[in-house]
Amino acid sequence: MAPIPGSGLAKGLAVTLRTMTRKSVTAQYPDTQPELPPRSRGVIGLFEENCTVCMLCARECPDWCIYIDSHKETVPPAAPGGRERSRNVLDRFAIDFALCMYCGICIEVCPFDALFWSPEFEYAETDIRDLTHERDKLREWMWTVPAPPALDTGAEEPKEVAAARKTADKLAAAQADEPGQEDRA
């Protein structure tokens, strides 16, 4: 059966008329903030106290947009007769967001939880050179990082917590048994 001439045009106009009668869904962005999904990716925040300058984030970054500088510092012995230790001290931690592709590899490989995703996305600059955020700016983003989601109530307890609870219960039971034995004697 041959198509009727002009049926395609009629179908296209029908779609246009249906769309014209619907309410607009345009969000007026600067006036109303968008509702972001939980744990959305915006900018990377640095929790400087956890950073041990292991350089894993900088080595694993596919764009090489993380810059870290540090120096060694000698720490006196903790106990008399002990030996001095050396530790790395963070001098510079910067991320060039003009190069960053927001893959999250740096956050995943950090063994000390020093890097986090912040949902903030309003950090546009007029000059591309200002998109390199130093550690002070990265520390400010940490205040916007949401708390991790609560554990599922039906989930199994982590092995570490279960082992610690079992040890604490044994210790409490042993301490409860000791006073009972003294009363019998």
Side-chain angles (χ1 to χ4, degrees), residues 26-80 82-165 168:
T26 303
Q28 301 300 323
Y29 164 62
D31 299 328
T32 59
Q33 292 294 322
E35 290 185 28
L36 298 173
R39 309 298 290 175
S40 61
R41 294 180 176 189
V43 70
I44 298 171
L46 171 68
F47 189 54
E48 195 174 334
E49 289 77 19
N50 285 357
C51 184
T52 60
V53 196
C54 65
M55 308 285 268
L56 278 175
C57 54
R59 280 185 291 201
E60 295 296 325
C61 180
D63 291 333
W64 293 85
C65 64
I66 300 175
Y67 310 110
I68 301 174
D69 291 330
S70 67
H71 69 275
K72 294 261 187 201
E73 190 174 87
T74 305
V75 180
R83 66 182 180 104
E84 293 181 338
R85 306 276 180 175
S86 65
R87 68 179 181 107
N88 285 329
V89 178
L90 186 65
D91 292 331
R92 179 180 187 226
F93 193 105
I95 299 177
D96 188 354
F97 286 107
L99 296 175
C100 183
M101 63 181 190
Y102 302 92
C103 63
I105 292 174
C106 57
I107 296 169
E108 294 297 322
V109 300
C110 182
F112 302 104
D113 290 333
L115 297 172
F116 293 92
W117 281 117
S118 169
E120 293 295 317
F121 59 91
E122 296 175 322
Y123 54 96
E125 299 287 344
T126 56
D127 188 4
I128 196 167
R129 291 172 287 195
D130 294 335
L131 282 173
T132 301
H133 292 179
E134 297 292 331
R135 69 182 185 179
D136 297 333
K137 185 71 172 172
L138 295 173
R139 189 182 315 120
E140 289 176 22
W141 293 118
M142 273 307 295
W143 296 108
T144 61
V145 173
L151 296 176
D152 187 8
T153 54
E156 192 176 293
E157 190 174 43
K159 291 183 282 187
E160 295 85 2
V161 174
R165 186 179 318 281

If we ignore hydrogens and angles and just use 3.5 Å, is the side chain of [X] paired with the main-chain N or O of [Y] as donor and acceptor?
| X | Y | value |
| --- | --- | --- |
| R41 | C103 | yes |
| D63 | M101 | yes |
| D69 | D91 | no |

Would you compute the distance between atom [atom1] of [X] and atom [atom2] of [Y] and round it to the nearest 0.5 angstrom?
| X | Y | atom1 | atom2 | value |
| --- | --- | --- | --- | --- |
| L36 | E120 | CG | CD | 8.5 Å |
| L56 | I105 | CG | CD1 | 12.5 Å |
| M55 | N88 | CE | CG | 8.5 Å |
| T132 | E125 | OG1 | CD | 10.0 Å |
| F97 | L138 | CZ | CG | 5.5 Å |

Mind checking whether [X] and [Y] have side chains closer than 4.5 Å, heavy atoms only?
| X | Y | value |
| --- | --- | --- |
| W64 | D96 | no |
| K72 | T74 | no |
| R83 | R85 | yes |
| Y102 | W117 | yes |
| V53 | F93 | no |
| S40 | F121 | no |
| W141 | H133 | yes |

Please report the closest heavy-atom contact between [X] and [Y], naming both atoms and the distance.
| X | Y | answer |
| --- | --- | --- |
| L90 | R135 | O-NH1, 2.8 Å |
| P77 | E84 | CD-CG, 3.9 Å |
| L46 | M142 | O-CG, 3.0 Å |
| C110 | L115 | SG-N, 4.2 Å |

Going through the distances and angles, do C51 and I68 end up as a side chain to side chain contact (heavy atoms under 4.5 Å, CB included)?
-> CA-CA 11 Å; C51 184; I68 301 174; 5.8 Å; no
More than 12 heavy atoms from other groups under 6.0 Å of CD on Q33 = yes
From C61, C65, C106, residue fulfilling side-chain contact (heavy atoms from CB on, under 4.5 Å) relative to C100 | C65
